[in-house]
K.L.:
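One structure, pasted below without further comment.
Numbers restart at 1 for each chain; the letters A, B, ... are given by sequence-line order, proteins then strands.
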Number of protein chains: 2
Amino acid sequence: MAHTSHSMDEQAAPARLRNLPSRLLALTAMYADRVVSEGLAGADAHKWHYAVLVTLQESGPVSQAELSRRTGIYRSDLVTVINELADRGHVERTPDPTDRRRNVITLTEQGRRHLRRLDELIAALQDEVLQPLSEPEREQLTELLARLLLHHGRSLST
Amino acid sequence: MAHTSHSMDEQAAPARLRNLPSRLLALTAMYADRVVSEGLAGADAHKWHYAVLVTLQESGPVSQAELSRRTGIYRSDLVTVINELADRGHVERTPDPTDRRRNVITLTEQGRRHLRRLDELIAALQDEVLQPLSEPEREQLTELLARLLLHHGRSLST
DNA sequence: TCGCAATCATTCGTCTGACTAACGTTCGTG
DNA sequence: CACGAACGTTAGTCAGACGAATGATTGCGA
C-alpha cells in the first residue's frame with residue numbers, strides 16, 4: 001500500500017541535508033504546526049485564537065494594536081481573528097471611551113471557559129509533538145529555541 | 001526611530017505563549033529560514049537549489065521523481081527548480097534511454113563548483129543562526145530535532 | 001501477448017500565511 | 001490649530017505547500 005500522506009521518507013535524505021539545523025527547524029516546525037492546527041480544528045479553534053485568548057487573560061482588556069504587538073499577529077490579520085472570536089462570543093469588541101481610535105477587546109466568561117478547554121488541548125498536543133523526548137530534554141529544547149529567538153530580537157533592535 | 005522590520009517585541013508576549021514549544025519552533029524556523037533565504041539570494045540561489053545539488057552529489061545522477069523523494073520537494077515544484085538549475089548550467093536534464101518516462105538529472109562540473117561555494121555559504125549561515133549556542137548545544141539541538149522528525153516519520157508509516 | 005495499473009514529467013490550480021499599502025478617523029503635541 | 005503619529009480596517013501581493021489531471025511510458029498479471 002502506498003502511504004496516504006505528505007512527507008518524504010526521511011531516511012532517504014542525504015546526511016548533509018538531514019543534519020542541517022535550518023532544515024531540521026523548518027521540518028519539525030511544519031510537523032508541529034500540523035499536529036497543533038489539526039488538533040485545534042477539532043475544537044473549532046485556531047492557533048491565533050489561542051494566542052489572543054491567552055494574552056487577554058494575562059493582560060486584561062487591551063486594544064487591538066496592543067494585542068497585535070503581544071501576539072505577533074499583524075494588525076490587519078487580527079481584525080479577522082477578533083471577528084471570529086466575537087462571533088463565537090468569546091470576546092467583546094467595544095469602542096474605547098478614552099480614545100475613540102481604539103477598540104477595547106474583553107474576554108467574556110464564555111471565552112474564559114473556552115480558553116480552559118484550549119489550554120488542556122494545547123497541552124495534550126504539545127505532548128504529542130514532544131512525545132519522544134524526556135522531560136529534561138523538552139526543557140532543554142525549549143530553552144535552546146528561546147535563546148535563539150532572544151538573540152534574533154536583539155540583533156534587530158541594535 | 002521606529003524599528004524597520006517585522007517581528008514583535010518578544011518580551012511582550014505572555015509567558016504561556018513564550019514557552020510553547022510549537023510556537024518556539026515556528027518562530028525560530030521562520031527566523032532561520034529568513035537568514036538562510038536572504039543569504040542564498042545574494043548568491044543567486046535558493047534552498048531548493050542547494051537541496052537538489054547536494055542530493056545529486058551524494059547520489060549521482062537520478063530521476064526527478066527520485067530527487068523529489070530524497071529532498072522532499074514536490075514533483076510538481078521540482079520541475080521549476082530543475083529548470084532554473086539547468087538554465088544556470090549547474091545541472092543537465094537528459095531523457096533516460098533505459099526508461100523513456102524519466103529524465104536523468106546530472107550534476108555538471110560548473111554545478112559542482114557552485115555547490116562548493118554554497119556549502120561554505122550555508123555553513124556560514126547556519127553559524128549565524130546558531131551563534132548564541134555553544135558547539136555541544138548546537139549538537140544537542142540538532143539531535144533533539146532529528147529525534148522529533150524520526151518519530152514523526154514512524155508515526156505515519158505504521 | 002494483451003490489457004490494466006502504476007510511474008514519470010509536467011501543467012495548472014488551490015489554499016494558507018506572512019506581509020504591505022492605503023484610507024479615514026482620532027489623538028497628541030509643537 | 002496644524003501636522004504627524006497611532007488606530008482599525010480593507011484590499012491586495014507574494015511565496016510555499018499541496019493536489020488533480022494529463023499524456024507518455026513501463027511492468028506485470030491473466
K.L.:
Specify the separation, in whole Å, of atom CG of L78(A) and atom P of dT20(C).
P.N.:
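Those two atoms, CG and P, are 16 Å apart.
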K.L.:
Hey, is CD on E92(B) packed in by over 12 heavy atoms from elsewhere, all under 6.0 Å?
P.N.:
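Not more than 12 within 6.0 Å, no.
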K.L.:
Enumerate the residue pairs fulfilling side chain to side chain donor-acceptor pair (under 3.5 Å) with a member in residues 103-113 of chain A, sequence neighbours excluded, ordered by first and then second residue.
P.N.:
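Every side chain to side chain donor-acceptor pair (under 3.5 Å) pair that includes a residue of residues 103-113 of chain A, provided the two are not neighbours, is Q64(A)-N103(A).
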K.L.:
With sequence neighbours excluded, what pairs up with D44(B) under the side-chain hydrogen bond (donor to acceptor under 3.5 Å, both in side chains) test?
P.N.:
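Only R88(B) meet the side-chain hydrogen bond (donor to acceptor under 3.5 Å, both in side chains) criterion with D44(B).
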K.L.:
Just by protein heavy atoms under 4.0 Å, how would nucleotides 4-13 of chain C read 5' to 3' in B, S and -?
P.N.:
--BBSBBBB-
K.L.:
Which residue pairs pass the salt bridge (charged side-chain N to carboxylate O under 4.0 Å, His left out) test with at least one member in residues 58-67 of chain B, sequence neighbours excluded?
P.N.:
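Listed once each, the pairs are R16(A)-E58(B), E66(B)-R69(B), E66(B)-R70(B).
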K.L.:
Can you tell me how far P of dA17(D) sits from CZ of R34(A), to the nearest Å?
P.N.:
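These atoms are roughly 10 Å apart.
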K.L.:
Please list all pairs meeting ring-ring contact (aromatic ring centres under 6.0 Å, His included) that have one or both residues in residues 79-129 of chain A, counting only residues at least two apart or in different chains.
P.N.:
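Pairs touching residues 79-129 of chain A that pass the test: H90(A)-H114(A).
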K.L.:
Just the rounded figure in Å: distance from P of dC7(D) to CD1 of I105(A).
P.N.:
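From I105(A) CD1 to dC7(D) P: 13 Å.
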K.L.:
Please report, rounded to the nearest Å, how far the C1' atom of dT16(C) is from the CD1 atom of I73(A).
P.N.:
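Answer to the nearest Å: 15 Å.
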K.L.:
Using whole Å, report how far CG of D33(B) lies from P of dG17(C).
P.N.:
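Nearest whole value for this atom pair: 16 Å.
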K.L.:
Do any side-chain nitrogens or oxygens of H46(A) fall under 4.0 Å of OP1 or OP2 in dT16(C)?
P.N.:
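So the side chain of H46(A) is outside the cut-off, no N or O lying under 4.0 Å from OP1 or OP2 of dT16(C).
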K.L.:
Is any side-chain nitrogen or oxygen of W48(B) closer than 4.0 Å to OP1 or OP2 of dA15(D)?
P.N.:
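The answer is no; no side-chain N or O of W48(B) sits under 4.0 Å from OP1 or OP2.
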K.L.:
Select one nucleotide: of dG19(D), dC19(C), dA18(C), the one nearest the side-chain heavy atoms of Y74(B).
P.N.:
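Among dG19(D), dC19(C), dA18(C), the one nearest the side chain of Y74(B) is dG19(D).
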K.L.:
Ignoring backbone atoms, establish whether R100(B) has a side-chain N or O less than 4.0 Å from OP1 or OP2 of dT26(D).
P.N.:
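For dT26(D), OP1 or OP2 has a side-chain N or O of R100(B) closer than 4.0 Å.
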K.L.:
Which whole-number value in Å describes the distance from E84(B) CD to dG16(D) C1'?
P.N.:
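Computing the E84(B):CD to dG16(D):C1' distance gives 13 Å.
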K.L.:
Who pairs with R138(B) by side-chain hydrogen bond (donor to acceptor under 3.5 Å, both in side chains), at least two apart in sequence or on another chain?
P.N.:
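Expected list: D127(B).
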